[in-house]
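Read through the structure below, which is laid out as structure tokens, and then see the notes.
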Amino acid sequence: MSRSKPCFVANWKMHKTIGEAETFIKDLDRHLLKPGNMDSKVIIAPPFTALANLAVSLEGCETEIGLSAQNVHFAEKGAYTGEISAGMLREIGCAYVIVGHSERRNLFGETNEEVHQKLQAVKQAGMRPILCIGESLEDRQSGRTWSVLEKQLSVALGEQDSSSNLCKHISEWMIAYEPVWAIGTGLTPTPEEVANIHQQIQNFIDTRFGQDLPPVLYGGSVSEKNIASFMKEGSIGGVLVGGASLVPETFHKIIELGTSTVNSQ
Ligand code: PGA
């Protein structure tokens, strides 16, 4: 079976001014024009403040680069000081929204139920969610990895709500498996462990929703050193890159090595 284009999502978190973001995109566009790199799908998730300017920059690019927000509020509008709605993101030109990142869950107390509401808002606004799930070190050490991931998936995807048609076009989403203990630590699971979890995620979607499967990404300390070993696994549809996506040369190298690994298979 031929693999689809590998996907590289840059999650910049709370980094980069508008000017820095624009310079990065110009460099990235030039890099993606190199022959092998065109076989990749690249999405940038800048901070909210850079989204509108990057939407304009991306229109002027020769290559196709997707734009994602890092978060969204679930309500359409209202008295939610400091929050941004899905409709507002859509208006800017965002096509994707990262939902349920572990930093949102752990630092800002986001629950599985809220993740579910956010997914509904993103879908209603006509954007594609990049749903993040992941277990803590404690979960992993006590053998609860799959039960935690299964719970995150089942509540987020609205399994408890039989009337929900949230997952009707789930094949257009992305699901990112990001073990919390691997984020920003330099530690990673082995590619085989990731492939095994990805298989379980795909089985879950298949048996619960019987739909074409969305690409499943891996995230957590992805670097130019380990990208090839992850992309060798056929079940890994791409990567969500935090720290290593901030430096253009490093992110370029990740795209180049990841894409050539997939192409050489
Ligand atoms: P990291 O972050 O690549 O810096 O580990 C990944 C993420 O948080 O999505």
Side-chain angles (χ1 to χ4, degrees), residues 3-13 25 28 32 40-48 50-52 54-55 57-59 61 63-76 84-102 104-105 110 112 114-134 152-153 155-159 164-178 198 201-202 204-206 208-219 235-242 245 255:
R3 283 173 78 177
S4 46
K5 283 185 180 184
C7 186
F8 302 87
V9 183
N11 175 15
W12 286 348
K13 310 190 182 186
I25 291 300
L28 180 62
L32 292 178
S40 60
K41 184 178 167 81
V42 177
I43 299 171
I44 302 292
F48 282 133
L51 279 171
L54 281 203
S57 304
L58 293 178
E59 269 178 25
C61 283
T63 59
E64 208 178 306
I65 302 171
L67 187 63
S68 175
Q70 299 174 12
N71 183 32
V72 66
H73 193 268
F74 50 77
E76 215 181 306
I84 309 273
S85 76
M88 293 168 183
L89 295 175
R90 179 75 229 178
E91 183 190 25
I92 284 177
C94 273
Y96 301 88
V97 183
I98 296 175
V99 178
H101 190 280
S102 66
R104 300 291 325 160
R105 295 175 189 262
E110 202 166 291
N112 286 327
E114 279 166 346
V115 171
H116 173 60
Q117 288 176 290
K118 289 182 177 203
L119 290 173
Q120 282 180 311
V122 171
K123 190 184 166 198
Q124 256 160 30
M127 293 179 291
R128 298 176 180 191
I130 302 172
L131 168 62
C132 298
I133 57 171
Q152 289 176 344
L153 281 174
V155 179
L157 299 180
E159 229 200 344
S164 161
N165 68 357
L166 175 65
C167 298
K168 208 158 165 213
H169 300 291
I170 197 166
S171 62
E172 294 170 5
W173 303 17
M174 289 182 206
I175 297 182
Y177 167 53
E178 298 206 300
H198 279 197
I201 294 171
Q202 289 178 330
F204 177 95
I205 305 284
D206 192 30
R208 305 300 212 280
F209 303 103
Q211 306 240 354
D212 286 347
L213 299 169
V216 188
L217 314 182
Y218 167 72
S235 66
I236 300 182
V239 284
L240 184 45
V241 192
S245 73
I255 295 170

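None of these values were measured; they are calculated from a predicted model.
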*Rounded to the nearest 0.5 Å, what's the gap from NZ on K123 to CD on E172? Could you check?*
9.0 Å

*Side chains of L166 and W173: does their closest heavy-atom pair fall under 4.5 Å?*
yes

_Flag side-chain contact, heavy atom, 4.5 Å: N11 against I130_ = no

*Return the set of residues passing salt bridge (Lys or Arg N to Asp or Glu O under 4.0 Å) with E114 (not counting sequence neighbours), or none when no residue passes.*
none

_Looking at E76, I want to see if its CD is surrounded by more than 12 non-hydrogen atoms of other residues, nucleotides or ligands under 6.0 Å._
no

*Using the test side-chain hydrogen bond (donor to acceptor under 3.5 Å, both in side chains), find all partners of D212 that sit at least two apart in sequence or belong to another chain.*
none

*Shortest non-hydrogen contact between I255 and S40, atoms and distance*: CG2-OG, 3.7 Å

*Any side-chain heavy-atom pair from Q70 and P47 closer than 4.5 angstrom?*
yes

*Validation row: V97, K118 side chains within 4.5 angstrom (heavy atoms)*: no

*Check whether any side-chain N or O of W12 sits under 3.5 Å from a backbone N or O of S245 as a donor-acceptor pair, and report yes or no.*
yes

*Mind checking side-chain hydrogen bond (donor to acceptor under 3.5 Å, both in side chains) for S171 and listing every partner two or more places apart, or none if nothing turns up?*
none

*Might you point out which heavy atoms bring I175 and P214 nearest each other, and give the distance in Å?*
CD1-CG, 4.0 Å

*asked:* I'd like to check M127 versus V99 (side-chain heavy atoms, cut-off strictly below 4.5 Å). Are they in contact?
replied: no

*asked:* Show the nearest heavy-atom pair for residues F204 and F209, with the distance to one decimal.
replied: CE2-CE1, 4.2 Å

*Minimum heavy-atom separation for G93 to L67, with atom names?*
O-CD2, 4.1 Å

*Under 4.5 Å between any side-chain heavy atoms of I133 and I201, yes or no?*
yes

*Less than 4.5 Å apart, any side-chain heavy atom of L131 and any of L157?*
yes

_E178 and L240, any side-chain heavy atoms less than 4.5 Å apart_ = yes

